[in-house]
Amino acid sequence: MLRILLRSLGRLLVSFAVLLSAAWACAALWYQLPATLPVKVGAMVLWGLFGLAAIVLLWRGKAGRSLLAYAIGFVVLLEWWGTIAPSQHREWADDVARYLTPRVEGSVVTMENVRNFDWRSDTDYTVRWDTRRYDLDRLRSVDVSLSYWTGPAIAHTLVSFGFDDGKYVTFSIEIRKERGESFSSVGGFFKQFENSLVAADEHDILRVRTNVRGEDVYMYRVHLPQAEMRSLFLGYVGEANALARAPSFYNTLTANCTTIVYSLARHVVPGLPMDYRLLASGYLPEYLHDVGGLTPGLSMDALRAGGRITDRAIATDQQPGVNFSQAIRNGLPGVAP
């Protein structure tokens, strides 16, 4: 009786492994097989039948050859998967068409291709790419912004650096979309997108979310010594240069806008603990609050209430000539009036 039970349990586990691998293989074929839609669907159906046949034969006591054939087929699929490499050369969407190229000379960082679009809608905008210089000796602040569009658990993370001459620049890890392509969290697991590091004017990269796309944005002042702010900035510079040398794939779980920020910050502040809130990025502010990274002496509720910049950003459209970066920080906890 025990032997029968163990045999059945083993078959269940192997069946689950085959089912899981077959589902992954079908998704990989859907997203990456360079073929027409009917051919893709046909390949997925055939692979699904291949996996199903292996499971049926397993339960009929003919596991040896069927599982060996499936394993060989899956190894061949993995070999093909390994040949899919990221590229710098595709027909990119306008907002990620150029990659950031920074150059460090002493304390001054010169950055080519800082994005400064004027957005009227997601499809109507004026394209501008600037060359800007930032003196790290004048670096005074770091702010992290979370942009929500689909519930409290998921948000896009942006990091802004402020200087005592009134300059701000925002870094954002984003998918490098091809023209006409849109984000897919599932596709992000299957090499659908390359990574892009965008450096942009806040009037571009924050305003497009609040005033154009209707997202809800919260900003938080990060509590860091100047030396660590400088190291974090240079971490982004290093990431930009690395992507320029060798492109990499975006991954929804392991290489997204929040996990890469954590990887950079960990080099600045050693010992930062791993936490589920680095994956459920909408809860990143609570994580930063718990590790003492936000304005001290205030509750998370107070920081969140004062950090909501959406209405302040929208109001700037009715105030010609107003400084966008200053306006969205009016009342921000940790920022002097």
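Ion pair D204/R128 not flagged as a salt bridge, since none of the NZ, NE, NH1 or NH2 atoms sits closer than 4.0 Å to an Asp/Glu carboxylate oxygen. The pair R132-D201 meets the salt-bridge criterion, since a charged nitrogen lies less than 4.0 angstrom from a carboxylate oxygen. Residues E181 and R176 are not paired through a salt bridge, judged by the lack of any N-O separation under 4.0 Å between the basic side chain and the carboxylate.
Other members of the hydrophobic cluster containing W119, listed by chain and number, are F117, Y125, V127, W129, V208, V212; membership follows side-chain contacts under 4.5 Å among ILVMFWY residues, whether direct or relayed. Y168 belongs to no hydrophobic cluster with other residues, because no ILVMFWY side-chain heavy atom falls under 4.5 Å from its own, directly or through intermediates. By the 4.5 Å side-chain criterion applied to Ile, Leu, Val, Met, Phe, Trp and Tyr, V108 is assigned to no cluster and stands alone. Through direct or relayed side-chain contacts under 4.5 Å between Ile, Leu, Val, Met, Phe, Trp and Tyr, F16 connects to L20.
Between F74 and Y70, the ring-plane angle classifies as parallel under the 30° and 60° cut-offs.
In terms of the salt bridge (Lys or Arg N to Asp or Glu O under 4.0 Å) criterion, residue partners of D164 (sequence neighbours excluded) are, by chain and number, R138, R140. When the salt bridge (Lys or Arg N to Asp or Glu O under 4.0 Å) test is applied to R213, the partners found at least two apart in sequence or on another chain are D122. Every residue was checked against the side chain to side chain donor-acceptor pair (under 3.5 Å) condition with Q226, not counting sequence neighbours, and none meets it. For W59, the side-chain contact (heavy atoms from CB on, under 4.5 Å) partners two or more places apart in sequence, or in a different chain, are R11, L12, S15, I55. For the side-chain contact (heavy atoms from CB on, under 4.5 Å) test, residues two or more places apart in sequence or in another chain that qualify with I84 are Q32, W80, W81, K191, F249.
The backbone N or O of L303 lies less than 3.5 Å from no partner atom in the side chain of Y220, so there is not a single donor-acceptor pair. With Y31 contributing its side chain and F189 its backbone, the two residues share no donor-acceptor pair below 3.5 Å. Looking only at distances, no side-chain donor or acceptor of T110 sits under 3.5 Å from a matching main-chain atom of R133. For the pair R230 (side chain) and L139 (backbone), a donor-acceptor distance under 3.5 Å is absent. Q88 places a side-chain N or O within donor-acceptor distance of the main-chain N or O of L243, the cut-off being under 3.5 Å.
The stretch residues 26-45 participates, sequence neighbours left out, in no salt bridge (charged side-chain N to carboxylate O under 4.0 Å, His left out) pair at all. Residues in residues 299-337 take part in these ring pair (Phe, Tyr, Trp, His ring centres under 6.0 Å) pairs, two or more places apart or across chains: H203-F324.
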Determine, stepwise, if the pair E228 / H223 fulfils side-chain contact (heavy atoms from CB on, under 4.5 Å).
CA-CA 10 Å; E228 294 178 358; H223 189 58; over 6 Å; no

Full working for side-chain contact (heavy atoms from CB on, under 4.5 Å) between L67 and V18
CA-CA 9 Å; L67 290 179; V18 171; 4.1 Å; yes

Please report the C-alpha distance between N241 and R245 in whole Å, then the side-chain angles of each, then the deciding distance to 0.1 Å, and finally whether the side-chain contact (heavy atoms from CB on, under 4.5 Å) criterion is met.
CA-CA 6 Å; N241 286 326; R245 289 192 303 270; 3.7 Å; yes

Please set out all donor-acceptor pairs under 3.5 angstrom arising from side-chain atoms of residues 149-160, sequence neighbours excluded.
unit_1: H156; atom_1: NE2; unit_2: S172; atom_2: OG; d: 2.6
unit_1: T157; atom_1: OG1; unit_2: T258; atom_2: OG1; d: 2.8
unit_1: S160; atom_1: OG; unit_2: T170; atom_2: OG1; d: 2.6
unit_1: S160; atom_1: OG; unit_2: E202; atom_2: OE2; d: 2.9

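Between F171 and F161, the ring centre distance stays below 6.0 Å.
The shortest side-chain heavy-atom distance between R221 and P333 does not fall under the 4.5 Å cut-off. For the pair V186/Q192, no side-chain contact is recorded, criterion being any heavy-atom separation below 4.5 Å from C-beta on. Side-chain contact between E178 and W92 is present, with at least one heavy-atom pair separated by less than 4.5 Å.
The two residues L332 and G307 have their closest heavy-atom pair at CD1-CA, 3.7 Å.
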